[in-house]
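Presented below is the structure to which this report refers.
A note on names: the letters A, B, ... follow the listed sequences, proteins ahead of strands, and every chain is numbered from 1. Every value quoted in this text rests on a predicted model; they were computed, and no experiment measured them.
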There are 2 protein chains.
Amino acid sequence: MATGRTHRPATRSRGIPEATVARLPLYLRALTALSERSVPTVSSEELAAAAGVNSAKLRKDFSYLGSYGTRGVGYDVEYLVYQISRELGLTQDWPVVIVGIGNLGAALANYGGFASRGFRVAALIDADPAMAGKPVAGIPVQHSDDLEKIIQDNGVSIGVIATPAGAAQAVCDRLVAAGVTSILNFAPTVLTVPDGVDVRKVDLSIELQILAFHEQRKAGEEAHTDGTGPAAAVTREGADDSAPSADKGPDGDVPAVMPA
Amino acid sequence: MATGRTHRPATRSRGIPEATVARLPLYLRALTALSERSVPTVSSEELAAAAGVNSAKLRKDFSYLGSYGTRGVGYDVEYLVYQISRELGLTQDWPVVIVGIGNLGAALANYGGFASRGFRVAALIDADPAMAGKPVAGIPVQHSDDLEKIIQDNGVSIGVIATPAGAAQAVCDRLVAAGVTSILNFAPTVLTVPDGVDVRKVDLSIELQILAFHEQRKAGEEAHTDGTGPAAAVTREGADDSAPSADKGPDGDVPAVMPA
DNA sequence: CCATCTTTGTGCACGCGTTCACAAAGACAT
DNA sequence: ATGTCTTTGTGAACGCGTGCACAAAGATGG
């Protein structure tokens with residue numbers, strides 16, 4: 001999905017496949033939930049179900065990290081939480097800046113999933129002088145004139161772009177020049193960056209269009225097999241054994257959320 | 001990416017690969033921009049650059065739709081816009097409901113990229129009685145008690161879930177039971193749905209974690225080749241010929257934006 | 001009408017990711 | 001200590017997606 005998933009062609013980072021890296025956060029979330037329930041160990045089968053993936057895939061994913069399981073028993077939840085967190089680099093603090101404090105930027109600033117994963121919103125930046133000083137999510141918005149200074153003072157290496165599409169590339173260039181090497185882009189634009197800078201994009205419009213494609217296809221099939229109207233077709237069975245249709249991942253991919 | 005890319009295993013819908021479908025919206029956006037500038041034709045090379053992909057890949061993608069190009073000339077922009085729009089099902093009206101009108105839900109309601117792509121926000125739904133009647137983006141919020149009626153009255157087949165994680169599965173079940181067959185999920189949870197229902201997920205937290213992984217790797221490499229501190233490492237060269245690092249596709253994978 | 005030049009459309013090979021299926025490893029009971 | 005049972009870790013096969021490289025198609029000029 002998500003997003004966008006910007007695939008990187010052949011960058012097997014230290015032997016860990018990109019597809020596996022994209023699933024590690026999924027496992028981590030499931031493991032954290034188990035940890036909170038004080039579950040000591042979990043089998044690959046159980047954990048796979050909780051994460052919505054195939055158990056064989058999960059075992060292979062973990063095999064890239066090392067042998068952290070015990071045959072006949074399963075995986076130690078706490079230990080695995082630690083190992084995955086470490087592998088993802090979540091044991092350290094990641095200061096993040098959000099540029100573009102509109103509806104979406106404000107929503108991101110209020111997002112509670114940051115702090116719990118080691119991400120800290122170091123600053124909110126907007127080009128509108130009227131926004132300057134106004135607190136959003138308890139953090140005062142700063143003017144984009146100070147972007148470079150903010151990045152450097154806080155040692156920020158991850159930037160989030162939530163500006164309108166027209167401003168995104170310029171903001172991106174400034175972020176990169178100031179030292180940012182990872183960018184999460186919510187603006188519906190293709191960003192051009194130097195080598196060594198990672199970009200992931202999230203584009204809501206794209207996600208909806210992909211859904212529309214499949215929706216259209218479903219409506220078309222149904223039209224010549226079933227006679228009922230489109231809104232009356234409710235499929236309701238087998239909600240138990242069927243694997244969740246989650247994923248989108250690898251590339252994944254990948255949606256945008258900004259005013260066009 | 002982005003996430004959210006939920007891959008579907010082997011569902012080559014009418015011969016068009018899933019990876020191609022995920023890129024069609026990208027091409028469409030680039031083509032729309034060209035159309036607004038009244039550019040009559042475009043070569044695969046130019047369009048590929050604008051969309052941030054390989055030209056061979058673009059040509060192969062288009063070949064699945066049919067032969068819409070003219071050798072020696074390129075593609076007719078207007079015609080291609082129409083063909084891709086039709087293929088994605090964007091020539092028809094798609095009523096959409098957004099459930100969960102918090103920060104994110106409001107941001108989505110205000111998102112301008114909906115209407116321009118054939119998506120119409122038919123209703124905003126929230127479980128908080130205090131929200132009922134309050135207009136967001138010019139649309140009055142309705143209480144979730146009326147969810148089923150809203151879905152049916154408006155013939156909605158696409159639902160967007162922007163609720164907290166704890167409420168997502170229950171909302172999903174109700175949407176599906178009421179007739180929704182495509183769901184875009186922003187809650188950080190694995191949704192279980194019956195066969196025939198498509199789910200795509202967008203998870204901001206996951207996207208950031210993937211960035212952190214690569215960021216950590218970059219910092220590690222740099223540490224034993226270059227001696228400078230992490231915040232001082234600015235890569236600044238070759239910003240011209242290098243291909244944009246956009247993608248994440250399929251999968252991409254796929255990020256979430258909700259309070260944990 | 002012919003030659004040349006541009007650009008598409010695609011056959012082919014390669015590599016990554018997924019899945020199956022099973023041997024190895026350890027827990028547990030007797 | 002031995003046997004049985006559970007679950008991991010992985011070798012191997014398969015399929016999808018990507019990119020190369022080129023032949024075919026058409027435009028354009030003489």
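Considering only side-chain N and O atoms, Ser44(B) lies under 4.0 angstrom from the phosphate OP1 or OP2 of dT8(C). For the OP1/OP2 pair of dT18(D) and a distance below 4.0 Å, the side-chain nitrogens and oxygens of Arg23(B) include at least one atom meeting the criterion.
Between Glu207(B) and the choices Arg200(A), Lys201(A), Arg117(A), the salt bridge (charged side-chain N to carboxylate O under 4.0 Å, His left out) rule is met once, by Arg200(A).
The CG atom of Asn54(A) sits 15 Å away from the C1' atom of dT7(D) (whole-angstrom rounding). The CD atom of Glu18(A) sits 11 Å away from the P atom of dT18(C) (whole-angstrom rounding). With rounding to whole Å, Tyr64(A) atom OH is found 9 Å from dT18(C) atom P. Summarising the geometry, the separation between NZ on Lys57(B) and C1' on dT10(C) is reported as 17 Å, rounded to the nearest angstrom. As a whole-Å value, the separation of Asp61(B) CG from dG17(D) P is 10 Å. When rounded to the nearest whole Å, the span between CD of Glu45(A) and P of dC20(C) equals 11 Å. Straight-line distance from the CG atom of Asp76(A) to the C1' atom of dT7(D): 15 Å, rounded to whole Å. In this entry the distance linking OH of Tyr68(B) with C1' of dT10(C) reads 17 Å, nearest Å.
Gln209(A) and Ser205(A) share a side-chain donor-acceptor pair at under 3.5 Å. With 3.5 Å as the limit, one finds no donor-acceptor pair spanning the side chains of Asp198(B) and Ser182(B).
Aromatic rings of Tyr79(A) and Tyr68(A) (six-membered ring for Trp) have centroids within the 6.0 Å cut-off, being under it.
For Lys60(B) against dT18(D), a side-chain-to-base donor-acceptor contact under 3.5 Å is absent.
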Going 5' to 3' through nucleotides 23-30 of chain D and flagging B where a protein heavy-atom sits under 4.0 Å of the base, S where only the sugar-phosphate is that close, and - otherwise, we get -BB-S---
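Glu45(B) places no side-chain N or O within 3.5 Å of a backbone atom of Ser55(B) that could act as its donor or acceptor partner. Listed for the Thr32(A) side chain is a donor-acceptor partner under 3.5 Å among the backbone atoms of Leu28(A).
Listed candidates were dT8(D), dG17(C), dC20(D). Nearest to the side chain of Ser43(A) is dT8(D). Nearest to the side chain of Pro17(B), among dT19(C), dA21(D), dG17(D), sits dG17(D).
Note that OG of Ser157(A) is 11.5 Å distant from CG of Leu175(A), once rounded to the nearest 0.5 Å.
Using a 4.0 Å heavy-atom distance criterion, Tyr75(B) is classed as a sugar-phosphate-only contact.
Positionally, the nearest nucleotide of DNA chain C for Arg59(B) lies more toward the 5' end than for the other of Arg59(B) and Ala56(A).
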